[in-house]
Amino acid sequence: MTKTPIIIDTDPGIDDAAAITVALNDPKIDVQLITTMAGNVPVEKTTKNALNLVEFYRKDVEVARGAAQPLLRNYEDASYYHGESGMDGYEFPHHERKESDLHAVQAMKKVFDKSEEPITLVAIGALTNVALLLMEYPEVKKKIKEMVIMGGSLSSGNVNSAAEFNIYADPHAAKIAFQSEIPIVMAGLDVTLKALLYPTSFEQLPSLGRTGNMLHGLFYHYRGGSPETGLQLHDVCTLFYILYPEKVETKDLFVEVATEGPAIGATIADLHQRQQNQTNTKVCVDIDVDFFNEWFLDSIRTIG
Amino acid sequence: MTKKVILDCDPGHDDAISIILAASNISDLKIEAITTVAGNVEVEKNTQNTLKVCDMIGLTDVPVAQGVERPLVKEREIAEEIHGDTGLDGPDLPEIPTKQAIDQHGVDLIIEKVLNAGDDITLVPTGPLTNIALAMIKEPKIIPKIKEIVLMGGGTFGNWTPAAEFNIYVDAEAANVVFNSGVPISMFALDVTHQAIATDEIIEQLSNIDNATAHFVVELLVFFKKTYKEVFGFSGPPIHDACTVAYLLDPSIFKCQHVRVDVETKGEFSYGMTVVDKLKTTGKDPNVHFAYELNFDKFWDLMTKALQSYQTQPN
């Protein structure tokens, strides 16, 4: 079986935890590196959370700490949604696993340099590390197969009526990423607010083993949606897209990022393809939600 | 006492002269590294030019590392009309330098040098501030460890737009990061660098110094004179960047005022302007020692002695 090699750039984060869970355990995915940044909570915490997850699954995957702050804006966290630790709701046992000595950007560069085949960059936090990587080492672009990002929205935002959190957190970095000419798949709120974990699915989790039990604990404390009306698994959509692109409807569009004004952090698309004669992004617009739920539960059951 | 410096530059005629001054036998500076940045011309050319200057003056043991190739957020802009296609037009230089750049990114070399030093490194940026800003963003721990930033850039008037000086205009977002970092800044803006003019008398005086480095500097000045006359109508070229090193060697050459300086990153006509609060209207704490006056004789006397010192073996 050919595995898709990926780097996960993340800020766990409860939905990040679910995405990392799937990525680390799916036989068709090869996680080569996890890099962290300040996002949902500060980078010390997101790094610790990533290490907790790698330890939970006893995987041999390096975790490298990245940006502590956005490129130009001041840092604002989202601990209201994810709890103080960023992954409230489950007590991870103590362990001795250490983060990499390398900065996330250096660790990414090393993986790209070593790899003979192009790698998919799964960016599910603020795009600060990605921007730093592209600024410092533009030559790695040719080793990036595509960037599958959770972020943005062509409908409305979740920070305010215009902006989605990951892009809002570092709009200048997002601008650099969208201008990079690397193929981008954008799993934004247009699709992630549809890809809810059904209440019936949530209820099944504890019966699916220690992983289901752990996720049930985290989801119970998560404020992205609710167990009663459906939980927003935002970041998981990126992995779902990589595994089942045929179950996600996309539109090829040219997407830009607002870096000033009240709509700062908003993603704007040339919807009618009149202003631009090019596209830079596959925007995910619809998803098979029943299948998404079945697949997610199956994955968790298989992990045990 | 020797002062440790990292020169971050985009040679560039005046950058080259700045390096030559810093490396001369009259200098008490220890050049820890030279990093290059996209600015006057593309970063690859700036790196080649830096290496050629190092070859010229025998600066063999100083690491040269290439930095970023574009500004943080904005499109790239270069200044070929001032510095020529190569960025160092004028003197005949070998096609390929002997010295090689090290295999480390300029931003990472800055981070490594500052983190491993005892809070005693002064950064001397004479190009756009992209490398310095990126180093601060990537590794905020360096910020309290930088002793001082002595930079060429900005002014109360511009030379690239009516409001903005080239180095700041190229990457105003980066400049904004640096000016708000809290690191002490000494700023050599157009207000003072336009006083550091290589007049015909000065060029003639320097032509009498008989060594290869002095000849090279005179050839640079002759070319620089031509473009400054064509583009700006100046009678002689200003040696902007060398003011930074001259200040480190002899601060008494300059008069400075401690003021608040902020960088405009939004204005339609004023993007890249450095807003100098001379009359303290903002009430904000000063962040910059703003040089406003240069002692012409002392400046050129220093430069002359530096070039004469190349008679003997360079350090």
Side-chain angles (χ1 to χ4, degrees), chain A residues 35-38 42-44 64-75 101-110 112-113 126-141 167 169-181 256-262 264-265, chain B residues 35-38 42-44 65-76 103-112 114-116 128-144 170-182 262-268 271:
Chain A
T35 50
T36 59
M37 85 293 293
V43 69
E44 293 74 22
R65 179 202 299 221
Q69 60 185 46
L71 289 186
L72 303 178
R73 302 197 84 186
N74 291 328
Y75 172 63
D101 292 333
L102 298 177
H103 187 282
V105 170
Q106 255 59 41
M108 285 199 252
K109 166 84 160 65
K110 204 172 132 190
F112 285 120
D113 281 350
L127 291 162
T128 319
N129 287 339
V130 173
L132 288 173
L133 176 75
L134 296 175
M135 286 288 302
E136 267 200 84
Y137 304 110
E139 67 272 17
V140 302
K141 278 183 199 173
I167 307 295
D170 197 342
H172 302 95
K175 182 177 175 182
I176 291 171
F178 277 92
Q179 286 181 343
S180 68
E181 295 177 354
E256 293 176 277
V257 181
T259 53
E260 279 178 32
I264 189 166
Chain B
T35 50
T36 60
V37 64
E42 293 85 352
V43 70
E44 294 81 6
Q66 182 161 303
V68 283
E69 60 157 28
R70 53 159 282 180
L72 276 182
V73 184
K74 218 170 125 262
E75 302 274 301
R76 189 164 70 179
D103 188 23
Q104 185 179 18
H105 195 281
V107 168
D108 297 323
L109 183 60
I110 293 171
I111 291 172
E112 186 190 294
V114 173
L115 282 185
N116 293 333
L129 291 162
T130 321
N131 282 341
I132 311 293
L134 210 55
M136 287 175 167
I137 294 163
K138 191 177 177 194
E139 186 45 89
K141 286 196 203 95
I142 67 169
I143 293 171
V170 168
D171 199 345
E173 281 78 14
N176 196 28
V177 169
V178 172
F179 279 79
N180 280 307
S181 66
D262 288 304
V263 180
E264 179 60 82
T265 57
K266 293 195 170 68
E268 184 183 356
Y271 176 88

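In what follows, every chain begins at residue 1, and chains take the letters A, B, ... in the order their sequences are listed.
When A:Lys109, A:Gln106, A:Lys175, A:Gln179 are compared by the number of non-hydrogen pairs under 4.5 Å with chain B, A:Gln106 comes out ahead. Contact tally against chain A (heavy-atom pairs below 4.5 Å) for B:Val177, B:Asn180, B:Val107: the top residue is B:Val107. Counting heavy-atom pairs closer than 4.5 Å to chain B, the top-ranked of the candidates A:His103, A:Gln69, A:His172 is A:His103. Contact count against chain A (heavy-atom pairs under 4.5 Å) is highest for B:Asp108 among B:Thr265, B:Asp108, B:Leu134.
A 6.0 Å sphere centred on CG of B:Asn116 holds more than 12 heavy atoms belonging to other residues, nucleotides or ligands. Atom NZ of B:Lys74 sits in a crowded spot, with more than 12 heavy atoms from other residues, nucleotides or ligands closer than 6.0 Å. The environment of A:Lys141 atom NZ is dense: over 12 non-hydrogen atoms of other residues, nucleotides or ligands sit within 6.0 angstrom.
For A:Leu71, the parts lying near chain B are the backbone and the side chain together; criterion is any non-hydrogen pair under 4.5 Å. Only the side chain of A:Glu260 has a heavy atom closer than 4.5 Å to any heavy atom of chain B.
Atom OG1 of residue A:Thr128 and atom NZ of residue B:Lys138 lie 13.5 Å apart, to the nearest 0.5 angstrom.
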Could you walk me through whether B:Arg70 and A:Ile176 pass the side chain to side chain contact (heavy atoms under 4.5 Å, CB included) check? CA-CA 11 Å; B:Arg70 53 159 282 180; A:Ile176 291 171; 3.7 Å; yes
